[in-house]
Asker: 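Okay, here's the structure, questions in a sec.
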Amino acid sequence: MQYWLMKSEPSVFGIDHLAKCVNQTEPWDGVRNYQSRNMMRDEMKPGDQVFFYHSNCDVPGIVGQMEVKSQGYPDFTAFDPGHRYFDPKSDLDKPRWFLVDVKLKRKFKRTIPLSLLREQAVLKDMKLLQRGNRLSITPVTKGEWAFILTLAS
DNA sequence: GCCAACGTTGGC
DNA sequence: GCCAACGTTGGC
């Protein structure tokens, strides 16, 4: 079992959106970056644990926990010309983009702010915190996961 | 294959 | 809104 962090802009799809989805489960669509795609297509497995991160907002940070509920499969939004995530270069025969289903497990009482994460010496190697990191999906180590949970209570 | 130009991300 | 950092595109 592996640990991950997935970013989303709360004005587009935040943790409260996921909470209202049927069975609190939803396909994580719209990722259009090859490294992140590869992680969803090749590495993420059902049962993997995920931090939900809010980016591009007043207080960027980790807002809850999710669980991966599917293998990677093609991102169907790329096939729909009317969809905002449409990509004419992806087709059914050779899909370019992939996603996984995620289920909300827990919304934290308070956001764990990015600024607080940056203050933690033990998190200095965390992928999220590396200079220039823009990946919307990053792996989290078991130690990082456990430590961050202690910040969530 | 190089690399300039351009687009996007995302914190501040 | 600014801008640093990075990814992608496409001419050559």
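Numbers restart at 1 for each chain; the letters A, B, ... are given by sequence-line order, proteins then strands.
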Asker: What residue pairs, at least two apart or across chains, pass ring-ring contact (aromatic ring centres under 6.0 Å, His included) with a residue in residues 109-140 of chain A?
Answerer: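 Sorted pair list comes back empty.
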Asker: Under a plain distance cut-off of 3.5 Å, with no hydrogens placed, do Y34(A) and R96(A) share a side-chain donor-acceptor pair?
Answerer: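 R96(A) vs Y34(A): donor-acceptor pair found between side chains.
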Asker: Indicate the ring-plane relationship of H54(A) and F52(A), choosing parallel, tilted or perpendicular according to the 30° and 60° boundaries.
Answerer: perpendicular
Asker: Would you kindly compare R96(A) and N56(A) by the position of their nearest DNA chain C nucleotide and give the one closer to the 5′ end?
Answerer: N56(A)
Asker: Could you give the CG-to-P distance, from L129(A) to dC12(B), as a whole number of Å?
Answerer: 11 Å
Asker: Please table the atom pairs, donor to acceptor, closer than 3.5 Å between any side-chain atom in residues 111-127 of chain A and protein atoms at least two apart or in another chain.
Answerer:
unit_1	atom_1	unit_2	atom_2	d
R118(A)	NH1	L129(A)	O	3.2
Q120(A)	NE2	L116(A)	O	3.0

Asker: What orientation do W145(A) and F51(A) show, parallel under 30°, tilted 30 to 60°, or perpendicular over 60°?
Answerer: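 Taking F51(A) first and then W145(A), their aromatic rings lie parallel (interplane angle under 30°).
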Asker: Quick one: L135(A) CG to dG7(C) P, roughly how many Å, whole number?
Answerer: 7 Å
Asker: Look for any protein N or O under 3.5 Å of an N or O in nucleotides 2-6 of chain C and output each such pair with its distance, or none.
Answerer:
unit_1	atom_1	unit_2	atom_2	d
dA5(C)	OP1	R131(A)	NH1	3.2
dA5(C)	OP1	R131(A)	NH2	2.7
dC6(C)	OP1	R131(A)	O	3.2
dC6(C)	O2	R134(A)	NH1	3.0
dC6(C)	O2	R134(A)	NH2	2.6

Asker: Choosing from dG11(B), dT8(C), dT9(C), which nucleotide comes nearest the side chain of K89(A)?
Answerer: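 The answer is dT9(C), which lies nearest to the side chain.
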Asker: What integer distance in Å separates R84(A):CZ from dT8(B):P?
Answerer: 12 Å
Asker: Indicate yes or no: does D75(A) engage R37(A) in a salt bridge with an N to O separation below 4.0 Å.
Answerer: no
Asker: In whole Å, I'd like the distance from the OH atom of Y34(A) to the C1' atom of dT8(C).
Answerer: 8 Å
Asker: Rounded to whole Å, please give me the gap between CZ in R118(A) and C1' in dG11(B).
Answerer: 8 Å
Asker: Round to the nearest Å and state the distance from E9(A) atom CD to dC12(B) atom C1'.
Answerer: 15 Å
Asker: Run the salt-bridge test on K103(A) and E67(A) with the 4.0 Å N-O cut-off and return the result as yes or no.
Answerer: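 Judged by the 4.0 Å cut-off on N to carboxylate O distance, K103(A) and E67(A) do not form a salt bridge.
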Asker: Over how many whole Å does the gap from M6(A) atom CE to dT9(B) atom P extend?
Answerer: 15 Å
Asker: Checking contacts here: which listed nucleotide (dG7(C), dC12(B), dG10(B)) is nearest the side-chain heavy atoms of N33(A)?
Answerer: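 In terms of side-chain proximity for N33(A), the closest of dG7(C), dC12(B), dG10(B) is dG7(C).
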Asker: Expressed in angstrom and rounded to an integer, what is the separation of L114(A) atom CG from dT9(B) atom P?
Answerer: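 Whole-Å distance recorded here is 18 Å.
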Asker: So, does K7(A) get its side chain near the phosphate of dG10(B), meaning an N or O under 4.0 Å from OP1 or OP2?
Answerer: yes
